[in-house]
Number of protein chains: 2
Amino acid sequence: MHTSKRVLFLDLVLSVLRLNGLLIAEGDVMTEELNLTHARWKVIGAIALSNNGLTVPGIARVLGQSRQAVQRITDVMVHDGVLEYQKNPNHKRSVLVLLSENGKEIYNTLREVQDPWAIDATEDIPIEELETGLRLVRRLIKKFN
Amino acid sequence: MHTSKRVLFLDLVLSVLRLNGLLIAEGDVMTEELNLTHARWKVIGAIALSNNGLTVPGIARVLGQSRQAVQRITDVMVHDGVLEYQKNPNHKRSVLVLLSENGKEIYNTLREVQDPWAIDATEDIPIEELETGLRLVRRLIKKFN
DNA sequence: CTTGGATTGGCAGTATGTTGTCAGTTGATT
DNA sequence: AATCAACTGACAACATACTGCCAATCCAAG
């Protein structure tokens with residue numbers, strides 16, 4: 001007899017919370033030599049995936065976070081020379097956030113660490129299982145968004 | 001052609017982080033009338049699933065968190081009368097954490113809200129997909145633990 | 001029985017995230 | 001052109017979680 005969907009789902013919820021903590025820890029260890037933290041590589045990743053830069057609230061929407069949380073991170077990263085603010089022709093106050101030259105180097109180095117990590121983590125997991133899992137997670141995200 | 005495992009996995013990682021945030025928000029909304037927060041129902045859930053009570057570091061191990069974070073929450077919840085500390089015959093300093101009478105009532109009320117939520121969230125998701133997803137998440141947890 | 005490594009409580013410092021508020025900006029509707 | 005709702009920046013208060021550190025306790029090996 002199958003476990004009930006309710007119990008299964010609650011188990012899944014707690015497991016996702018647990019995995020979240022482990023992923024953050026993994027990311028922090030992986031990037032500590034780059035002087036990054038999980039909050040920072042999330043921002044770097046969001047900007048790197050955009051073509052023309054993003055505004056702070058734009059990054060927040062991509063990451064599903066409050067714009068205030070992102071603003072604080074970007075301010076620190078601009079101060080550290082990883083990001084740059086650039087005048088936004090479409091908005092008088094809301095500047096665009098871009099990777100600085102240093103930030104682009106850091107992103108490339110990040111990729112060099114991240115890619116082997118991803119490959120190693122999935123070496124014994126069939127691709128079909130990853131696809132099913134991702135589909136489920138996306139489905140739940142859409143439901144709660 | 002299938003997307004590469006690497007890209008698929010990184011997408012899954014970001015999606016899990018995103019889902020984590022949404023689940024916390026769901027939990028906070030669901031329990032705000034009970035004067036709970038996500039940090040508190042995680043602790044209540046961990047204790048409720050144990051039979052003889054848990055020590056603070058024991059709860060931390062179940063939740064995969066630092067004992068300091070759990071200690072602070074339990075201190076507040078004992079002060080609020082939701083939890084009780086009880087002498088631990090197996091350790092002179094490390095007390096057991098139990099649900100108070102009030103805490104048990106809160107847990108029951110929590111169940112009444114949580115169960116319909118879980119059922120609603122999964123109504124159009126086949127049980128096989130939940131099982132596959134849970135298996136994947138557990139696999140990753142074991143790998144990073 | 002002693003000793004040394006692991007666990008625990010307590011305290012401090014730091015990072016990340018949330019919500020709330022207010023004033024300035026934007027854009028669409030009238 | 002005026003207006004109003006939504007968006008944005010800035011600041012504040014708060015909750016959660018991490019690490020590091022030190023002293024007390026526990027437990028197992030010798």
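Keep in mind the model is a prediction, meaning the values are calculated, not measured.
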K.L.:
How about E33(A): does its CD atom have over 12 heavy atoms from other parts shown lying under 6.0 Å from it?
P.N.:
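Open.
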K.L.:
Starting from P on dT16(C), measure out to CG on N20(B) and report it in whole angstrom.
P.N.:
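Result: 16 Å.
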K.L.:
Does the dG13(C) base have a donor-acceptor partner in the side chain of Q68(B) within less than 3.5 Å?
P.N.:
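No pair found.
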K.L.:
Reading DNA chain C from 5' onward, which residue's closest nucleotide shows up sooner: H38(A) or H91(A)?
P.N.:
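So the residue in question is H38(A).
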K.L.:
Please say whether more than 12 non-hydrogen atoms of neighbouring residues, nucleotides or ligands are located less than 6.0 Å from CG in N35(B).
P.N.:
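Open: at most 12 neighbouring heavy atoms sit under 6.0 Å from CG of N35(B).
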K.L.:
In whole angstroms, how far is the C1' atom of dG17(C) from the CZ atom of R40(A)?
P.N.:
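Whole-Å distance recorded here is 15 Å.
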K.L.:
When we call it a touch if two heavy atoms are under 4.0 Å apart, what does I73(B) touch: a base, just sugar-phosphate, or nothing?
P.N.:
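Sugar-phosphate, backbone atoms only, no base.
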K.L.:
Within this structure, what is the CD1-to-P distance between I59(B) and dA17(D), rounded to whole angstrom?
P.N.:
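Distance, rounded to whole Å: 12 Å.
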K.L.:
Between P on dT16(D) and CD1 on I24(A), what's the gap in Å once rounded to a whole number?
P.N.:
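Roughly 16 Å, once rounded to whole Å.
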K.L.:
Give a yes or no on whether a donor-acceptor pair under 3.5 Å exists between the nucleobase atoms of dA15(D), that is its base, and the side chain of R72(B).
P.N.:
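Between dA15(D) and R72(B), which were checked side chain against base, a qualifying N/O pair under 3.5 Å is absent.
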K.L.:
From CG of D75(B) over to P of dT8(C), roughly how many Å is that when rounded to an integer?
P.N.:
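Going from D75(B) (CG) to dT8(C) (P), I get 16 Å.
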K.L.:
Please tell me if R61(A) has a side-chain N or O lying less than 4.0 Å from either OP1 or OP2 of dT8(D).
P.N.:
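For dT8(D), OP1 or OP2 has a side-chain N or O of R61(A) closer than 4.0 Å.
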K.L.:
Send over the distance from E32(A) CD to dA15(C) C1', rounded to a whole Å.
P.N.:
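For the pair E32(A) CD and dA15(C) C1', the rounded distance is 15 Å.
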K.L.:
Side chains of V97(B) and L54(B): closer than 4.5 Å at any heavy-atom pair?
P.N.:
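No, every pair of side-chain atoms sits at 4.5 Å or beyond.
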K.L.:
Give A39(B) one of three labels, base, sugar-phosphate or nothing, depending on what nucleic acid heavy atoms sit under 4.0 Å from its own.
P.N.:
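Sugar-phosphate, no base atom in range.
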K.L.:
What's the verdict on salt bridge (charged side-chain N to carboxylate O under 4.0 Å, His left out) for D124(B) and K143(A), showing C-alpha distance, side-chain angles and the deciding distance?
P.N.:
CA-CA 11 Å; D124(B) 54 358; K143(A) 185 173 285 276; 3.7 Å; yes
K.L.:
For D28(A) and dC18(D), give me the distance from atom CG to atom C1', rounded to whole Å.
P.N.:
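One finds 9 Å between C1' of dC18(D) and CG of D28(A), rounded.
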K.L.:
For dA17(D), does either OP1 or OP2 sit under 4.0 Å from a side-chain N or O belonging to S66(B)?
P.N.:
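Result: no.
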K.L.:
Hey, is the side chain of Q71(B) poking within less than 4.0 Å of OP1 or OP2 on dG10(C), counting only N and O atoms?
P.N.:
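For dG10(C), OP1 or OP2 has a side-chain N or O of Q71(B) closer than 4.0 Å.
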K.L.:
Testing the 3.5 Å rule here: is there a donor-acceptor pair between the side chains of N108(A) and E112(A)?
P.N.:
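The criterion, which ignores hydrogens and geometry beyond distance, is not satisfied for E112(A) and N108(A).
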K.L.:
What is the ring orientation for F9(A) with F144(A), classed by angle as parallel under 30°, tilted 30 to 60°, or perpendicular over 60°?
P.N.:
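Rings of F9(A) and F144(A): tilted, as their planes differ by 30° to 60°.
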K.L.:
Closest nucleotide of DNA chain D for T37(B) versus for V95(A): which of these residues is on the 5' side?
P.N.:
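Nearer the 5' end of the strand: V95(A).
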K.L.:
Strictly below 4.0 Å: does S94(B) bring a side-chain N or O up to OP1 or OP2 of dG9(C)?
P.N.:
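The answer is yes; a side-chain N or O of S94(B) sits under 4.0 Å from OP1 or OP2.
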K.L.:
Respond yes when some side-chain nitrogen or oxygen of K42(A) is under 4.0 Å from OP1 or OP2 of dG17(C), and no when none is.
P.N.:
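Yes.
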K.L.:
Compare the minimum distances between each of dA10(D), dG17(C), dA17(D) and the side chain of R67(A), then state the nucleotide with the smallest one.
P.N.:
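Taking heavy atoms from C-beta onward, the closest nucleotide is dA10(D).
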K.L.:
Any donor-acceptor pair, under 3.5 Å, between the side chain of R93(B) and the base of dT8(C), if you only look at N and O atoms?
P.N.:
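Answer yes: a donor N or O sits under 3.5 Å from an acceptor.
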K.L.:
Whole angstrom is fine here: how far is it from NZ in K92(A) over to P in dA23(C)?
P.N.:
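After rounding, the reported distance stands at 19 Å.
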